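Here is the structure we will look at.
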Amino acid sequence: MRDHQRGDTSLTGNLPAELDGFVGRTSELSALAAALDTSRLVTVTGTGGVGKSRLAARAAAAAGAAARDGVWRVELAPVRDPEFVDHALVEALGLTDHTARPPREMLLGHLAGRELLLVLDGFEHLVEACAHLVVELLRGAPGLRVLAVGRRPLGVTGERLFPLAPLDADEAALLFADRAARQGVAPGDERTVRELCTRLDGIPLAIELAAGRLRALTPAQLLDRLDDRFRLLTGGGREGLPRHRTLRTAIGWSHELCTPQERLLWSRLSVFTGPFDLEAAEYVCGGYGLRAGDVLDVLSELIAQSVVGREETGVGGRYRMLDTVRAYGAGWLAATGEADRLRRRHRDWYVGLATWCELDWFSPRQSEVAARVDAELPNLRSALEYCLTEPDEVHLGQYLAGSLWFCWAGCGRLAEGRHWLERALALDSGHTRPRLKALWVLGYVAILQGDAVPALAALQECREEAERSGSATALAYAEHRTGCLALVTGDIGRAETLLRSALHRYREIGELNSNVLMGQVELAMIRAFQGDLPDAVGLCEDVRRVCEDHGERWARGYALYVLAYAAWSEGDPGRARALLTDCLSGAHGFRDLLGSVLSIELLALVTATEGDVAEAAVLQGAASRMWPSVGLPLFGSAHYNRPHELCEAMAREGLGDERYEACARAGDRLDREQAVARALGRGQVLDGVPVPRGPARRAQGAVDTQKPAASPTREGGETTG
């Protein structure tokens, strides 16, 4: 969950920080605030460039104090597929779900008991899909309010429209002067400025584009050129010129004032559907009349002219175009006949990026890869969409969907990954290798979602085709993931046979990456289930060494989990806690719900062993709330469930049933962020159950930590993994 500051008010949510000063609109802000106070659905409408998004963001920030669970903005302009609207909301809300539940069901479950403001920005090309979604969410979530922003209404019952007019003359002149000052340029004669702003109908985007020209032209020169353009379009008079034509005229006029190279780059940049970096712009847009080495200089000019915006992010400087400006450039790109070539260049860059990220996932840059893919998702989706709608590109779509396995499985985007994988595999690519990769990745994703039947079908198809085609790599992955499926469904003997075979195949072909290490951890879990803790520890210590040599943290976390259980079993809860703290921190950072909830479950057992059975019950309650987003609690496996049962028995004995249930209910009220903070010892007092601050008190029923614990392994030949 991300917090952003607005003055002295701290808001929970994802509203972006304002990069430029907000000018005027005082009366509109007050009126919009009043509308949000009395209506659950308010739609701000108006022509492109009139300032709808800026006004909505400022109003949402002001209204945030009344939204207990924050203000969340969903940018829909980059979304092209109506089926992806739900996914866009899930992504914006920061939700992670490892089950096969539809995103709509996940959204309804998340929003049902919350009070928040949802800002849907740029929905006009997805009106029908957004309208159905908004109606369902408002019905299912009484505490939800929606502020929609688009060029047309949603057209649903209960919608309150808020049409936004252009700036008045005074405000328009103030905006022009503000943007001029930001460039270090005097705005010029006030009368001329006001006349220029009047000619531009007070449309903020048009005014900003005009102000971006002040380094080369005076306001009087700008006015003369603009008058010439209007007369050309209207046959000598300006009467009756609609505002949308005013904006298009202003954008076109700004386009005409660009140099040939600036116009060329403007059109080519329109191929990006989200923020992009300099390297991407140089690769995709360079060549054929614009050298890659010149892209930066030309891009800098477009930034100075307000055609392109620049912002600093967690992955460095990023550039983006307003959708209205991008659409204008796209029209010119189509007119030049370069659209197909640019889309292929765009596809090539993002296929290459995914390939690099897959390799770098197994490196010290793993966290950087996770952040990079998060930032690149709009363009990766665009590349996938292109591949899967062009018959000759399907094999690249299968390859791309498969190569992003680490994004789907390692970064908590299972539902989206399954969408792309199933869509890719529904098409005949005529290429075996990318299809095999997509098949085993689909099987893996379905396993993590707890969907065994589709998982087994995909893996069986992968294995059979791998044997026919002689693909040793695909065969190893198919065996590995089939063994993983056997593990979580309780067929331990078959799981061991398959995993040992897969690991042998990996060694034969020289494969070493996070997947291979996870196979070794899974084998260690099996050995622990079979009562051989020393063997399990040896396997995981080997994984730990390899991970530390390569800087890998994701698979390392699961190895730490098994080592933590071994430490607990050997009567060393302090070491177990240290290992689990490391494990949980890493899993939460990667949005890995499975790793997070398993760590919290085992931390509950460690906490009970240390003597604080009340806190153990709170953690069990917190885990119980997380499991529905992961899948079947503890996979429905007796092997995984035994430590949970032991912890619950200890807590009930120490607290009594009534007090245990009260503590578990308190934990169940924690959201994921709060649960992780609590488990890591950073939580707050909750319903009289404090986080331990020193040596835990010994409670009735606590295990003696000075002696080896009577672990499930010793009692029943089973442990957790």
Side-chain angles (χ1 to χ4, degrees), residues 48-49 77-81 122 125 205 209 212 229 247-310 318-356 376-397 399-400:
V79 179
R80 291 291 173 258
D81 185 350
H125 59 302
L205 176 56
L209 288 171
R229 182 66 189 270
L247 176 62
R248 187 165 181 81
T249 299
I251 295 176
W253 163 69
S254 184
H255 185 264
E256 288 175 4
L257 292 176
C258 289
T259 65
Q261 284 198 324
E262 290 166 2
R263 289 197 293 269
L264 188 61
L265 182 58
W266 182 341
S267 68
R268 291 178 178 179
L269 288 175
S270 69
V271 78
F272 293 102
T273 52
F276 55 90
D277 60 20
L278 177 60
E279 290 77 13
E282 289 174 332
Y283 178 87
V284 174
C285 303
Y288 294 89
L290 178 62
R291 293 187 308 170
D294 293 335
V295 167
L296 176 58
D297 289 340
V298 181
L299 182 60
S300 298
E301 287 302 313
L302 291 178
I303 293 170
Q305 296 159 26
S306 299
V307 173
V308 176
R310 185 182 187 280
R318 311 279 292 171
Y319 305 92
R320 67 184 306 154
M321 303 174 80
L322 289 176
D323 193 53
T324 305
V325 175
R326 189 196 67 80
Y328 189 89
W332 276 95
L333 184 65
T336 63
E338 281 200 312
D340 285 342
R341 184 181 72 82
L342 263 293
R343 290 204 71 185
R344 289 193 297 272
R345 294 285 288 179
H346 179 274
R347 172 214 62 202
D348 289 345
W349 175 261
Y350 287 100
V351 168
L353 177 71
T355 302
W356 171 82
E376 301 287 6
L377 269 175
N379 283 300
L380 286 166
R381 290 166 180 153
S382 180
L384 280 162
E385 184 71 30
Y386 176 74
C387 291
L388 299 181
T389 52
E390 294 289 330
D392 294 337
E393 307 284 339
V394 170
H395 64 291
L396 290 173
Y399 171 80
L400 182 53

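Note that this is a predicted model, so its numbers are computed, not measured.
Between the Thr273 side chain and the Pro378 main chain, a donor and an acceptor come within less than 3.5 Å of each other. In this structure, Trp332 contributes its side chain and His255 its backbone to no donor-acceptor pair below 3.5 Å.
Residue pairs meeting the side-chain hydrogen bond (donor to acceptor under 3.5 Å, both in side chains) criterion with at least one member in residues 387-396, sequence neighbours excluded, are Arg347-Glu393. The list of salt bridge (charged side-chain N to carboxylate O under 4.0 Å, His left out) pairs with a residue in residues 264-275, not counting sequence neighbours, reads Arg268-Glu338. Residue pairs satisfying the salt bridge (charged side-chain N to carboxylate O under 4.0 Å, His left out) criterion with at least one member in residues 274-288, sequence neighbours excluded, are listed as follows: Asp277-Arg318, Asp277-Arg372.
Among all heavy-atom pairs drawn from Pro275 and Asn379, the shortest one is O-ND2, 3.0 Å. When all heavy atoms of Leu380 and Leu400 are compared, the closest pair comes out as O-CD2, 4.3 Å. Residues Leu209 and Gln305 come closest through the heavy atom pair CD2-O, 3.6 Å. Closest heavy-atom contact between Trp266 and Ser254: CZ3-C, 4.3 Å. Counting all heavy atoms, side chain and backbone alike, Ser306 lies closest to Gly212 at OG-CA, 4.4 Å.
The salt bridge (charged side-chain N to carboxylate O under 4.0 Å, His left out) check on Arg326 picks up Asp323, with sequence neighbours excluded. For Tyr386, there are no side-chain hydrogen bond (donor to acceptor under 3.5 Å, both in side chains) partners, not counting sequence neighbours. For Arg343, there are no side-chain hydrogen bond (donor to acceptor under 3.5 Å, both in side chains) partners, not counting sequence neighbours. Applying the salt bridge (charged side-chain N to carboxylate O under 4.0 Å, His left out) rule to Glu262 yields no partners; only residues at least two apart in sequence or on another chain are considered. Under the side-chain hydrogen bond (donor to acceptor under 3.5 Å, both in side chains) criterion, Trp349 pairs with no residue, sequence neighbours left out. With sequence neighbours left out, the salt bridge (charged side-chain N to carboxylate O under 4.0 Å, His left out) criterion links Asp348 to no other residue. With sequence neighbours excluded, the residues that form a side chain to side chain contact (heavy atoms under 4.5 Å, CB included) with Arg345 are Tyr283, Val284, Arg341. Remark: Tyr350 pairs with His346 by the ring-ring contact (aromatic ring centres under 6.0 Å, His included) rule, at least two apart or across chains.
Counting heavy atoms from C-beta outward, Cys285 and Leu269 have side chains that approach closer than 4.5 Å. Considering only heavy atoms from C-beta on, Arg381 comes within 4.5 Å of Leu377 through its side chain. Using a 4.5 Å cut-off on side-chain heavy atoms (C-beta onward), Val307 and Ile251 make no contact.
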Take Glu376 and Leu353, measure what side chain to side chain contact (heavy atoms under 4.5 Å, CB included) needs, and give me the verdict at the end. CA-CA 9 Å; Glu376 301 287 6; Leu353 177 71; 3.5 Å; yes
Give the intermediate values and the outcome of side chain to side chain contact (heavy atoms under 4.5 Å, CB included) for residues Leu264 and Thr336. CA-CA 9 Å; Leu264 188 61; Thr336 63; 5.7 Å; no
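To the nearest 0.5 angstrom, Ser267 atom OG is 7.0 Å from Leu342 atom CG. The CG atom of Leu396 sits 5.0 Å away from the SG atom of Cys387 when rounded to the nearest 0.5 Å.
A side-chain donor from one of Tyr399 and Thr355 sits under 3.5 Å from a side-chain acceptor of the other.
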Using residues 291-299 as the side-chain source, report each donor-acceptor pair under 3.5 Å to any protein atom, sequence neighbours left out, with the distance given to one decimal.
from   : atom 1 : to     : atom 2 : distance (Å)
Arg291 : NE     : Asp294 : OD2    : 3.1
Arg291 : NH2    : Asp294 : OD1    : 3.2
Arg291 : NH2    : Asp294 : OD2    : 3.4

